[in-house]
Every structure is written in structure tokens, then in C-alpha cells.
Amino acid sequence: MLADEEFWRLVAVLGGQPEVQDDRPYERLTSVLSEEPVERIIDFAEALAFKLHQLDRRVLAQPASPGAARLSDDDFLYARCAVVVAGPTAFNAVLADATAFERFTTVEAAHAESILDVPSDAYQKVTGGEWDHVEQYDYETGSNEQWW
């Protein structure tokens with residue numbers, strides 16, 4: 001897995017604005033990763049999965065305000081992607097205070113789910129083959145048993 005600093009340096013290529021409806025930052029990150037050895041692409045995927053797994057917490061999945069609808073499993077994953085795209089300050093803020101998560105649950109921020117395709121797209125660009133790597137950490141909703 002990548003060192004935290006290296007992971008966040010790569011994520012910074014996305015510009016820290018998950019609500020922006022633009023694929024170009026994800027394409028840039030894919031290009032940056034495709035210039036690296038395959039092992040680094042896998043390391044990025046592992047680090048991303050670990051960050052998403054860390055954010056997989058019941059307290060974040062529950063509605064922030066009374067009467068609000070619960071996020072679907074997919075929407076919860078996309079919101080966690082938005083936190084990662086926003087960078088380490090946002091990531092740490094959400095881990096420290098669940099109320100900081102709400103701003104990442106918008107329809108616009110859901111576009112950040114594009115980060116999930118970056119490792120496989122970079123791998124395919126480098127190798128011409130299909131991505132078949134399964135990350136060590138499961139990031140599907142409810143997979144972080146410690147926090148559910």
C-alpha cells in the first residue's frame with residue numbers, strides 16, 4: 001500500500017472539489033498512474049480501498065437530520081468517495097466528527113465515484129488487460145464490522 005503522503009499527493013491531482021461535474025481530473029489521475037509501474041497502480045487501489053473502508057461507519061450512513069432519508073448503499077459509497085476526493089483534511093474531519101460528512105452526500109458530490117474507476121483504467125492503459133485485482137479491504141457498505 002502507498003504511504004499516506006503519497007496517496008494524498010496523487011488524490012490532490014483531482015483538485016479537491018468532489019462536487020465538480022468534470023471527468024478531466026479523473027482522466028489526469030489515470031494518466032499519472034499509468035506512467036507508474038503496475039505495482040503502484042495496485043498500491044493506489046489498495047490505499048483507496050482502505051480509506052473507503054475506514055469511512056464505512058454506521059454513524060455516517062445514518063441520516064444527519066431527523067426525517068431525512070437514509071442513503072442507499074451506492075449513495076453512501078459515492079459520498080465516501082467524495083470525502084476522499086476532497087483530501088486529507090476533509091477525510092480526517094469526517095472521522096473526527098460525523099456531522100462533517102453531510103456536505104458530501106449531495107447529488108453533485110456523487111460524481112466523485114469516478115475515482116473508483118481510476119486504478120482499473122490506469123491498469124488497462126498500461127497493460128491492455130482487464131483489471132482483476134481484488135483489494136484487501138472491502139469498502140462495500142457495512143463491510144467495516146468494527147464500526148457497524
Side-chain angles (χ1 to χ4, degrees), residues 1-36 38-123 131-148:
M1 194 171 347
L2 293 177
D4 245 22
E5 302 79 33
E6 181 63 13
F7 174 76
W8 291 120
R9 184 188 67 75
L10 288 166
V11 169
V13 169
L14 299 173
Q17 297 178 322
E19 67 284 348
V20 173
Q21 306 294 297
D22 187 356
D23 289 330
R24 289 175 297 183
Y26 300 96
E27 292 165 2
R28 275 194 303 274
L29 180 55
T30 299
S31 291
V32 168
L33 275 176
S34 68
E35 293 171 10
E36 301 284 343
V38 168
E39 294 76 27
R40 297 268 295 162
I41 297 169
I42 292 170
D43 287 347
F44 179 84
E46 289 291 342
L48 175 59
F50 181 63
K51 297 298 183 200
L52 294 171
H53 181 80
Q54 286 179 290
L55 291 166
D56 181 34
R57 300 170 181 222
R58 181 184 306 276
V59 68
L60 298 178
Q62 295 173 340
S65 53
R70 182 185 179 277
L71 294 172
S72 71
D73 288 352
D74 283 344
D75 288 342
F76 181 52
L77 173 58
Y78 304 158
R80 289 182 284 141
C81 289
V83 173
V84 172
V85 169
T89 301
F91 179 83
N92 292 325
V94 167
L95 289 180
D97 179 5
T99 62
F101 185 67
E102 188 172 5
R103 77 180 185 99
F104 299 103
T105 62
T106 65
V107 171
E108 295 79 17
H111 185 70
E113 63 117 353
S114 297
I115 195 172
L116 296 173
D117 296 327
V118 168
S120 59
D121 289 351
Y123 179 87
W131 176 259
D132 63 358
H133 180 75
V134 177
E135 293 83 2
Q136 176 182 351
Y137 288 93
D138 186 354
Y139 52 79
E140 293 301 322
T141 298
S143 63
N144 187 346
E145 293 177 14
Q146 176 184 354
W147 291 96
W148 282 86

message: Please find the pair of heavy atoms, one from E140 and one from D56, that lie closest to each other, and give the distance.
response: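 Looking at all heavy atoms of both residues, the closest pair is O-OD2, 3.3 Å.
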
- request: For F101 and T105, work out which heavy atoms get closest and say how close.
  value: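 Closest approach of F101 to T105, heavy atoms only: CE2-CG2, 3.7 Å.
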
In the structure I gave you, are the side-chain heavy atoms of [X] and [Y] within less than 4.5 Å of one another anywhere?
| X | Y | answer |
| --- | --- | --- |
| D73 | Y78 | no |
| Y26 | L29 | no |
| L52 | L116 | yes |
| I42 | W131 | yes |
| H133 | Y123 | no |
| R80 | T141 | yes |

message: Using side-chain contact (heavy atoms from CB on, under 4.5 Å), reason through F7 and D43 one step at a time and then give a plain yes or no.
response: CA-CA 9 Å; F7 174 76; D43 287 347; over 6 Å; no

query: What do the steps show when you test L60 against F76 for side-chain contact (heavy atoms from CB on, under 4.5 Å), and what is the final call?
result: CA-CA 8 Å; L60 298 178; F76 181 52; 3.7 Å; yes

Those residues that, when tested against [X], pass side chain to side chain contact (heavy atoms under 4.5 Å, CB included) (two or more places apart):
| X | value |
| --- | --- |
| A122 | T30, L33, S34, I41 |
| E39 | P37 |
| E6 | L2, R9, L10, R40 |

More than 12 heavy atoms from other groups under 6.0 Å of CD on Q21: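 Check passes, neighbour count above 12.
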
When rounded to the nearest 0.5 angstrom, what distance separates [atom1] in [X] from [atom2] in [Y]?
| X | Y | atom1 | atom2 | value |
| --- | --- | --- | --- | --- |
| E27 | S114 | CD | OG | 9.5 Å |
| R57 | L95 | CZ | CG | 4.5 Å |
| F50 | E135 | CZ | CD | 13.5 Å |
| W148 | S143 | CH2 | OG | 9.0 Å |
| K51 | Y139 | NZ | OH | 15.5 Å |
| H111 | Q17 | NE2 | CD | 12.5 Å |

task: Report the residues that fulfil salt bridge (Lys or Arg N to Asp or Glu O under 4.0 Å) with D23, sequence neighbours left out, ordered by chain and then residue number.
output: none

- prompt: Looking at residues at least two apart in the chain, or sitting in another chain, which of them share a salt bridge (Lys or Arg N to Asp or Glu O under 4.0 Å) with D74?
  reply: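 Testing D74 for salt bridge (Lys or Arg N to Asp or Glu O under 4.0 Å), a comparison that skips the adjacent residues, returns none.
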
message: Checking the side chain of E113 only, and the main-chain atoms of C81 only, is there a donor and an acceptor separated by less than 3.5 Å?
response: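 The answer is no, because no donor-acceptor pair under 3.5 Å joins these two groups.
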
- prompt: Can you tell me if H53 uses its side chain to pair, donor with acceptor, with the backbone of D138 under 3.5 Å?
  reply: yes

- request: Dump the intermediate steps for side-chain contact (heavy atoms from CB on, under 4.5 Å) on F44 and V32, then the final yes or no.
  value: CA-CA 11 Å; F44 179 84; V32 168; over 6 Å; no

- prompt: salt bridge (charged side-chain N to carboxylate O under 4.0 Å, His left out) between D75 and R70: does it pass, once the steps are laid out?
  reply: CA-CA 9 Å; D75 288 342; R70 182 185 179 277; over 6 Å; no

Donor-acceptor contacts under 3.5 Å from residues 85-94 side chains, at least two apart:
from, atom 1, to, atom 2, distance (Å)
N92, ND2, P88, O, 3.1

